[in-house]
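Here's the structure we're looking at; comments come further down.
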Amino acid sequence: MRRPSRGHEPGLADRPGLRGNPGGLPPATELLEHSVALAEKELGVTHPDTVKQRQYLAEIYRANDQPDLAVPLYEANLAHWQQALGDHPNVLNAQLTLADTHQEAGAHQAIAVYRVALDRIEPTLGPENPLVTQIRARIDAAEHATSRSDR
């Protein structure tokens, strides 16, 4: 049985060379980038572990205000989920995450991705459904942001 720690125990982040680089990505992000590349090479791009690692890396990029780096990872995962799951709620979640990330990156593609998601679910859920209303609000916000940036 392991005893509770009574202080700081050295971990991976305490090793020399694994602390943050000024002006660059944290080394943990660099390690995950390497891990994703290795998983894609060794396991394949559609392996569940590869998809999961790409998702983690995309979320780290978004959290570090680098949505432009997250977009291609989310796009790859969306393509995988569409092929593997077809019409499934996880596909809708992936579409909305991708659209939100495009929006954060200031890309006009957000509107198109939101519209694809809306076209998928509105016929089933109806125009008054809260999710449909939320997606419409996201489209409106993206259009407003786009019109401001075009000025």
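- Atom CG of Leu125 and atom OG1 of Thr133 lie 10.0 Å apart (nearest 0.5 Å).
- By the rule that hydrophobic residues join a cluster once side-chain heavy atoms approach within less than 4.5 Å of another member, Leu98 and Leu92 end up as members of separate clusters.
- Listed by first and then second residue, the salt bridge (charged side-chain N to carboxylate O under 4.0 Å, His left out) pairs that reach into residues 90-101 are Asp100-Arg138, sequence neighbours excluded.
- In terms of hydrophobic clustering, with Ile, Leu, Val, Met, Phe, Trp and Tyr side chains grouped at heavy-atom distances under 4.5 Å, Val71 and Leu69 are assigned to different clusters.
- Using a distance-only test at 3.5 Å, with no hydrogens or angles considered, no donor-acceptor pair links the side chain of Thr50 to the main chain of Thr46.
- Leu73 and Leu38 fall into different hydrophobic clusters, defined by Ile, Leu, Val, Met, Phe, Trp and Tyr side-chain heavy atoms under 4.5 Å apart, directly or through other members.
- Put simply, CG on Leu43 and CG on Asp49 are 6.0 Å apart, with the number rounded to the nearest 0.5 Å.
- Every residue two or more places apart in sequence or in another chain that forms a salt bridge (Lys or Arg N to Asp or Glu O under 4.0 Å) with Asp87 is listed here: Arg120.
- Not counting sequence neighbours, the partners of Asn93 by the side chain to side chain contact (heavy atoms under 4.5 Å, CB included) test are Asn90.
- The salt bridge (Lys or Arg N to Asp or Glu O under 4.0 Å) check on Glu122 picks up Arg136, with sequence neighbours excluded.
- Considering CD1 of Ile139 and CD1 of Ile111, their distance stands at 8.0 Å, rounded to 0.5 Å.
- There is no path of hydrophobic side-chain contacts, each under 4.5 Å, that joins Leu78 to Tyr56.
- Summarising the geometry, atom CG belonging to Leu32 is positioned 4.5 Å from atom CG belonging to Leu57; distances are rounded to the nearest 0.5 Å.
- Taking each heavy atom of Ala141 and Gln103 in turn, the nearest pair found is O-NE2, 3.9 Å.
- Residues satisfying the side chain to side chain donor-acceptor pair (under 3.5 Å) test with Glu75, not counting sequence neighbours, are none.
- In this structure a side-chain-to-backbone donor-acceptor pair under 3.5 Å is present from Asn129 to Leu131.
- Other members of the cluster containing Val45 do not exist, because no ILVMFWY side chain is joined to it at under 4.5 Å.
- Shown here are the side chain to side chain donor-acceptor pair (under 3.5 Å) partners of Ser35, two or more places apart in sequence or in another chain: Gln53.
- The distance from atom CZ of Arg115 to atom CD1 of Ile135, rounded to the nearest 0.5 Å, is 12.0 Å.
- For the side chain to side chain contact (heavy atoms under 4.5 Å, CB included) test, residues two or more places apart in sequence or in another chain that qualify with Asp140 are Glu143.
- Of all heavy-atom pairs spanning Val132 and Pro127, the tightest one is CG1-O, 3.8 Å.
- Closest heavy-atom contact between Ala110 and Ala99: CB-O, 3.4 Å.
- Judged as a side chain to side chain contact (heavy atoms under 4.5 Å, CB included), and not counting sequence neighbours, the contacts of Asn77 are Val51, Arg54, Gln55, Trp81.
- For Ala70, the side chain to side chain contact (heavy atoms under 4.5 Å, CB included) partners are Ala58, Tyr61, Arg62, Tyr74, Thr101, not counting sequence neighbours.
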(request) Evaluate the criterion side-chain contact (heavy atoms from CB on, under 4.5 Å) for residue pair Gln82 and Gln95; output intermediate values, then yes/no. (result) CA-CA 10 Å; Gln82 285 174 321; Gln95 284 176 315; 3.9 Å; yes

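- Checked against side chain to side chain donor-acceptor pair (under 3.5 Å), Asp119 has no partners two or more places apart in sequence or in another chain.
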